[in-house]
Amino acid sequence: MPKTSARLLSLLSLLQSRRDWSGHALAERLEVSARTVRRDVDRLRELGYPIHAVKGPDGGYRLGAGTELPPLLFDDEQAVAVTVALRTAALTGAGIGEAAERALSTVRQVMPVRLRHRVDTLRVTAVERPGPRPDPQVDPRLLLTLGAAVRAREVLRFDHASVPRPAADGTSPRQEAPGARDVLGTPGTREAPEPAKAPEEPPVLPATGPRRVEPHHLVTLGGRWYLVAWDLDRDDWRVFRVDRITPRTPNGPRFTPREVPGGDVAAFVTSRFRGSDGTGGWPCRGEVVLDLPAAVVAGHTRDGVVEELGPHRCRLALGAWSWPALAAAIGAFDADIHVIGPPELRAAFGQLARRYAGAAAEEPTSPPRAFDA
């Protein structure tokens, strides 16, 4: 059972989130008895909060209008920022969607009327990224545990579940020895960056461990949470999926923080997902000439370098985490391609050409039926 002060704050937050609450519903949400709820309501009344009793079969409570709470001194830009952050919190993967809705209701209630009306005009619909499966939600308590260790600079011990790595030909996953690979490690020892989500998620293998790390940063990327840490047993930096972490207690000794390679944690994590060594570049880079205007190519290239060679011709330098991926990205442009180099890119085009030719030569077949009549 939470302490009285914490429970009173939770009760007040619930009363602010909607108009009427039954005593039974409040007791269930707070995990206390109905008698404890009545006592807590009386304490809030003594503190000056006008909580009215609601008649009905079960009885209930309502927080009266005009409740005096400490004002929030937001300017217009801050109010917009808080509103957008809370209304899109469900997409962070932190499992705080319901709490964010209650927080927005509480913040709105204590805003000045003028600012409240402006915030109410801002309607944001948060749409999750389409895909065959939702990203795993991370328990907020786990984030607090990891965040506390990062702040206290204490060594963490945890088990870390892993997934079977796809075979080289992409046909089926193969089992690896426990602890053989991390989520993202140094080049040559890491798993390849996660490919596009398949219709079925690979099964998660049992947790391996315990791992001993110096936690440095919590990072959110694409609806998932990652822990950037120095692995004491592997003597190198690692990026761990938080939803696969099971902490062990107690924490280890305090440590002196190290500097992330390059000094920029965002650039470091991005480069690891690209399969790079932390310098920020792609491991595979090539150049081609496309029979397209430079303006057209530049409009569909995020981090490539486009050079105009004529009205309908340009040079493109681009990178990717593998040569086939780079060839496929360039092939997405509807234009003739002239490879400048390197030879690995030319070979990747040949590999894809054979694969596509084989697919085009196959006899058409009816797609499998999901259900038979």
Side-chain angles (χ1 to χ4, degrees), residues 91 127-132 165-171 184 186-188 190-199 219 221-224 239 261-365 367:
L91 302 185
V127 179
E128 293 189 13
R129 181 177 55 191
R165 187 167 185 254
D169 58 2
T171 56
L184 291 174
T186 54
R190 67 185 183 279
E191 290 183 357
E194 295 187 2
K197 297 175 183 177
V219 177
L221 175 65
R224 284 180 174 163
V239 181
D264 186 337
V265 65
F268 173 75
V269 173
T270 300
S271 67
R272 285 298 173 93
F273 273 91
R274 291 176 172 179
S276 182
D277 58 359
T279 59
W282 291 103
C284 301
R285 293 193 63 86
E287 292 188 22
V288 298
V289 171
L290 298 175
D291 291 341
L292 279 177
V296 173
V297 176
H300 295 85
T301 303
R302 288 195 303 175
D303 56 359
V305 178
V306 182
E307 177 187 356
E308 184 176 359
L309 300 179
H312 304 287
R313 193 175 174 86
C314 68
R315 181 197 302 264
L316 171 64
L318 195 62
W321 66 272
S322 73
W323 293 112
L326 178 57
I330 296 172
F333 292 98
D334 187 13
D336 289 339
I337 302 168
H338 311 277
V339 178
I340 299 176
E344 290 85 353
L345 178 58
R346 192 180 306 276
F349 275 114
Q351 178 184 350
L352 292 184
R354 291 188 294 272
R355 186 176 299 167
Y356 294 158
E362 290 182 356
E363 292 293 331
T365 58

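All residue numbers refer to positions in the sequence shown, counting from 1.
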Does [X] have any side-chain contact (heavy atoms from CB on, under 4.5 Å) partners at least two apart in sequence or in another chain, and if so, which?
{"X": "Cys284", "value": "Trp323"}
{"X": "Val305", "value": "Ala317"}
{"X": "Arg355", "value": "Gln351, Leu352"}
{"X": "Ala347", "value": "none"}

By the salt bridge (Lys or Arg N to Asp or Glu O under 4.0 Å) test, which pairs, at least two apart or in different chains, include something from [range]?
{"range": "residues 288-297", "result": "Asp291-Arg313"}
{"range": "residues 321-333", "result": "none"}
{"range": "residues 314-340", "result": "Glu287-Arg315, Glu307-Arg315"}

Supply the atom-to-atom distance [X] [atom1] to [Y] [atom2], rounded to the nearest 0.5 angstrom.
{"X": "Arg346", "Y": "Ile340", "atom1": "CZ", "atom2": "CD1", "result": "9.5 Å"}
{"X": "Leu292", "Y": "Ile337", "atom1": "CG", "atom2": "CD1", "result": "9.5 Å"}
{"X": "Leu345", "Y": "Ile330", "atom1": "CG", "atom2": "CD1", "result": "5.0 Å"}

Practice problem: Provide the closest heavy-atom pair for Pro342 versus Gly286 in the form atom of the first, atom of the second, distance. | Solution: CD-CA, 3.7 Å
Exercise. Might you point out which heavy atoms bring Ala348 and Pro324 nearest each other, and give the distance in Å?
Key: CB-N, 3.9 Å
Practice problem: Kindly indicate whether the side chain of Phe268, heavy atoms from C-beta on, has any atom under 4.5 Å from the side chain of Val239. | Solution: yes
Practice problem: Check the surroundings of atom NE2 in His312: do more than 12 heavy atoms from other residues, nucleotides or ligands lie under 6.0 Å from it? | Solution: no
